[in-house]
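Below: one structure, written as structure tokens.
Sequential numbering from 1 along the given sequence is applied to the chain's residues.
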Amino acid sequence: NSIQTVDLGNDVTAKAYLFNVVFEGVTGDTLAFEDTFDTNYLNLYEGKSDGSIEWIADRVYEGGESDYTWDTGWQTKDSFQKTDTGFRFSCKIPHNPTNPRNRFRVTYILYVDPDKVSELNQITAQNKGEYSFTNTATSDGFGNTNTSFTYNHATLTKENTVTYEPDATN
């Protein structure tokens, strides 16, 4: 995942994290998985494509003998259904001879809810400026995988670096 900023409209931006879920050896005609994350602070980004990182989100890419050879992908925004614990994803896929490994990559963005930033910053201030999230993808036939990522917020700290000990002259 990578940290970016997304435009939520009305001059509101949010810290965001880009994710990729890669499937290899797909034999069926549907990609499906469930994604769970801390919905108290994070939301699935469903914004517009405006030429920034959003253009790569909410897409399925086919092929990819390496991480640098994926096709241009296709939009799958309607394949995401929000749940209380995250979202479900389901999308019909083609099987092309140019993709002999039947490899597919789903991309999406989670962003920090702007209404929760103050609360999250208070929590991070008590934990040296960090708060860890876990994101888990689960798919029938493919198992599950998770990744952890950290929300960082600058904090103010103070410490005593010099200690004076009294001696005979003090």
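Ring centroids of Tyr151 and Tyr131 are separated by 6.0 Å or more, keeping the two rings apart. For Phe149 and Phe133, the ring centers are positioned less than 6.0 Å apart.
Taken to the nearest 0.5 Å, the CZ atom of Arg103 stands 5.5 Å off from the CD atom of Glu24. One distance of note links CD1 of Ile109 with CZ of Phe19; it measures 10.0 Å at 0.5 Å rounding. Separation of atoms OG1 (Thr83) and CZ (Phe37) is listed at 7.0 Å; rounding is to 0.5 Å. Of the inter-residue distances, the one linking Asp113 atom CG with Leu120 atom CG reads 10.0 Å to the nearest 0.5 angstrom. Once rounded to the nearest 0.5 Å, the distance linking CZ of Phe87 with NZ of Lys82 reads 11.0 Å. Rounded to the nearest 0.5 Å, atoms CG (Leu31) and CZ (Phe142) are 7.5 Å apart.
Gly86 approaches Thr39 most closely through the heavy-atom pair N-CG2, 3.5 Å. Across all their heavy atoms, Tyr41 and Lys116 have their closest contact at CD2-CB, 3.7 Å. The shortest non-hydrogen separation linking Ser139 to Phe23 is OG-CE2, 3.6 Å. Here the closest non-hydrogen pair linking Val60 and Cys91 is CG2-SG, 4.3 Å. Residues Ala14 and Leu8 come closest through the heavy atom pair CB-CD1, 3.7 Å. Taking all atoms of both residues into account, the shortest heavy-atom contact from Thr30 to Ile93 is N-CG1, 4.0 Å.
In terms of modelled atom types and a separation under 3.5 Å, the side chain of Asp7 and the main chain of Gly9 share a donor-acceptor contact. Remark: the backbone N or O of Asn152 is paired with a side-chain donor or acceptor of Lys15 at under 3.5 angstrom.
The side-chain heavy atoms of Leu42 and Val112, taken from C-beta on, include a pair separated by under 4.5 Å. Side-chain contact check for Thr124 versus Glu130: every heavy-atom pair is 4.5 Å or farther apart. When side chains are defined from C-beta on, Glu34 counts as touching Thr85, because their heavy atoms get closer than 4.5 Å. With contacts defined as side-chain heavy-atom distances shorter than 4.5 Å, the pair Asn135/Thr36 does not qualify.
Screening Thr138, Val106, Asn144 for a side chain to side chain contact (heavy atoms under 4.5 Å, CB included) involving Phe33 leaves a single residue, Val106.
Within a 6.0 Å sphere centred on CD of Gln81, other residues, nucleotides and ligands contribute 12 heavy atoms or fewer. A 6.0 Å sphere centred on CG of Asp140 holds no more than 12 heavy atoms belonging to other residues, nucleotides or ligands.
If you check the side chains of Tyr108 and Asp35, you find a donor sitting under 3.5 Å from an acceptor.
Scanning for salt bridge (Lys or Arg N to Asp or Glu O under 4.0 Å) contacts around Asp29 gives Lys92, with sequence neighbours left out.
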